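Since the structure is predicted, the reported quantities are computational estimates derived from the model, not experimental observations.
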Amino acid sequence: GCLLCGTVSFSPSSPAAQPPSGDSDLLRPRHCYYYVEFCPSMMHSILALAAAVLIASADPALAFVPSRESPVFAAPNTNTALNTVSLSTPGSGSQWFPAEPTVDGGSSENLSTEQIKAQILQLGAALDRGQAYNPTSGEYYAGTMQAARRKVLDLIEKSEGKNVPQTLEEISGEWELVLTTVKHGIFRSSPFFLAVQEAFSYAQEKEAFGEDKATLFFKLHELQTCSWGASKIGRVAQRIDPVGKYLYSEFDTSIFSLTVIPILGWFKLLPTFGGCVITASECEMMEGGKIEMVVDYTTSRPVPGLSGLGEWIWSVKVPVGAIWKLLPWNKGRPAACSVTVKYFDDDFRIVEDKDGDLFVYSRPVVSRPLDIVDGEKK
């Protein structure tokens with residue numbers, strides 16, 4: 001507020017509040033006319049006050065120490081209203097995050113379910129949903145990833161097996177990926193890549209060049225598609241249709257987001273384009289939260305604000321399921337895969353793949369319609 005009168009307001013009608021030229025969306029704060037007209041005098045007052053504090057600090061008897069009852073130390077209002085929706089802390093005297101963070105994330109023993117979920121969301125943001133940790137590049141962020149994995153497992157353990165779905169209806173609707181522990185691409189939540197991963201398990205030789213074949217495949221895939229920032233992954237989501245028994249996996253990809261001549265360049269060389277890749281899979285809920293899936297087809301849809309290759313691309317539908325069976329190394333097997341839902345509630349869904357990697361989904365804040373018509377389902 002204003003140092004002279006303490007009032008705080010914004011008044012578009014006041015001449016002093018009119019935005020500068022070219023900044024039509026900004027409003028200058030109008031505290032009072034003294035604030036506007038006598039700001040030079042106020043600056044002198046502030047400097048004088050600062051000088052007084054420095055002088056007083058030389059003598060402890062003269063030093064000013066704010067009281068604990070001062071607004072500076074006042075406890076935050078836990079009933080803050082935002083768009084008429086009340087927000088509150090998880091409990092009386094509790095905090096979302098530790099007052100003194102530790103290098104390993106600390107114990108979750110005394111934390112509530114909501115606190116653990118909040119920490120998982122924070123770790124997901126810090127790790128860019130998991131893709132910040134990339135062992136191909138190096139082991140940086142490995143410790144943070146370990147802490148994130150431990151928090152997810154703590155949430156599963158805290159539920160004591162009570163939050164496992166029995167039907168698709170319980171987990172229906174739209175979900176967005178917020179964190180995964182999987183390496184070499186967060187797009188691996190797609191049933192297509194899960195099916196590729198499972199197909200390698202049928203190979204007679206499980207390793208190549210000293211590495212697991214599936215891991216090596218995804219590592220090489222990532223190197224080829226993401227080198228030099230050529231491709232970037234945006235939103236990753238899933239939609240579960242319990243009526244049609246379909247799971248729609250979505251991930252946005254943008255190509256040539258930033259292209260320039262190194263050092264010399266100051267403008268983009270190539271246009272950015274991309275879209276949303278959608279994989280449709282038949283799904284069935286089994287005992288213990290296990291979801292069995294068979295990939296049907298892959299298609300794409302435009303992302304608002306992102307150019308595509310042309311209108312023709314959105315009508316292309318690749319019958320992955322049919323082609324898959326024709327590939328000689330698949331020996332007629334379908335493009336099948338499965339994951340197990342280890343935890344779910346109104347906000348969160350945690351699934352585990354066959355290799356033990358975890359995928360954490362939350363309900364979206366900003367929803368996006370899925371433009372799939374009934375005729376495309378099969």
Side-chain angles (χ1 to χ4, degrees), residues 128-129 131 173-177 180 182 184-197 199 217-241 244-260 267-283 293-327 330 334-337 359 361 364 366-378:
D128 191 8
R129 297 168 294 171
Q131 58 187 347
E174 183 180 4
W175 300 88
E176 286 190 355
L177 184 74
T180 179
V182 76
H184 311 304
I186 60 175
F187 51 81
R188 288 178 59 181
S189 61
S190 167
F192 173 81
F193 292 102
L194 289 171
V196 170
Q197 178 180 343
F217 168 83
F218 289 116
K219 179 179 179 180
L220 295 176
H221 176 274
E222 182 182 44
L223 287 170
Q224 292 298 318
T225 58
C226 299
S227 292
W228 307 105
S231 175
K232 292 184 178 180
I233 302 299
R235 170 180 174 271
V236 178
Q238 288 185 350
R239 296 169 199 262
I240 299 173
D241 174 14
K245 292 189 176 181
Y246 260 71
L247 185 148
Y248 298 94
S249 174
E250 312 165 50
F251 70 88
D252 295 350
T253 179
S254 59
I255 314 297
F256 303 138
S257 296
L258 296 174
T259 52
V260 71
F267 60 90
K268 285 175 88 279
L269 292 177
L270 300 171
T272 300
F273 63 93
C276 176
V277 179
I278 301 172
T279 298
S281 306
E282 300 177 35
C283 63
M293 296 170 283
V294 177
V295 178
D296 185 3
Y297 67 89
T298 294
T299 186
S300 61
R301 289 294 181 270
V303 174
L306 182 61
S307 300
L309 289 176
E311 291 298 322
W312 62 272
I313 194 70
W314 313 128
S315 60
V316 174
K317 179 179 173 182
V318 182
V320 175
I323 297 173
W324 190 278
K325 294 179 180 180
L326 300 177
L327 299 175
N330 286 327
C337 60
F359 300 84
Y361 300 86
V366 179
S367 179
R368 185 198 293 177
L370 179 64
D371 184 21
I372 296 291
V373 298
D374 292 340
E376 287 183 297
K377 290 185 179 179
K378 291 189 176 182

Decide side chain to side chain contact (heavy atoms under 4.5 Å, CB included) for F251 and F193; before the verdict, give the C-alpha distance in whole Å, the side-chain angles of both, and the deciding distance to 0.1 Å.
-> CA-CA 12 Å; F251 70 88; F193 292 102; 4.3 Å; yes
S281/D296 under side chain to side chain contact (heavy atoms under 4.5 Å, CB included): CA gap, chis, key distance, verdict | CA-CA 5 Å; S281 306; D296 185 3; 5.9 Å; no
Start with the C-alpha distance between T180 and V236, add both sets of side-chain angles, then the distance that settles side chain to side chain contact (heavy atoms under 4.5 Å, CB included), and finish with yes or no.
-> CA-CA 11 Å; T180 179; V236 178; over 6 Å; no
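Within the model, atoms CG of L177 and CZ of R129 stand 6.5 Å from one another, a figure rounded to the nearest 0.5 Å. In this structure, the separation between CD1 on I278 and CH2 on W314 is 9.5 Å, given to the nearest 0.5 Å. For the atom pair NZ of K232 and OG of S254, the computed distance is 6.5 Å after rounding to the nearest 0.5 Å. For the atom pair CG of L247 and SG of C283, the computed distance is 5.5 Å after rounding to the nearest 0.5 Å. Rounding to the nearest 0.5 Å places CG of D371 at 10.5 Å from SG of C276. Remark: Y361 OH to I240 CD1 distance equals 8.5 Å, nearest 0.5 Å.
Between the R301 side chain and the G275 main chain, no donor and acceptor come within less than 3.5 Å of each other. Between the Q197 side chain and the R188 main chain, no donor and acceptor come within less than 3.5 Å of each other. With hydrogens and angles ignored, the 3.5 Å screen pairs a side-chain donor or acceptor of T299 with a backbone N or O of V316.
Among residues two or more places apart in sequence or in another chain, the side-chain hydrogen bond (donor to acceptor under 3.5 Å, both in side chains) test is passed with E174 by R235, R239, S367. With sequence neighbours excluded, the residues that form a side-chain contact (heavy atoms from CB on, under 4.5 Å) with V320 are F192, V295, T298, V318, W324.
Residues C337 and P191 approach most closely at SG-O, 3.6 Å, considering heavy atoms. In plain terms, the two heavy atoms of L306 and F273 that are nearest each other are CD1-C, 3.9 Å.
Y248 places none of its side-chain heavy atoms less than 4.5 Å from the side chain of Q238.
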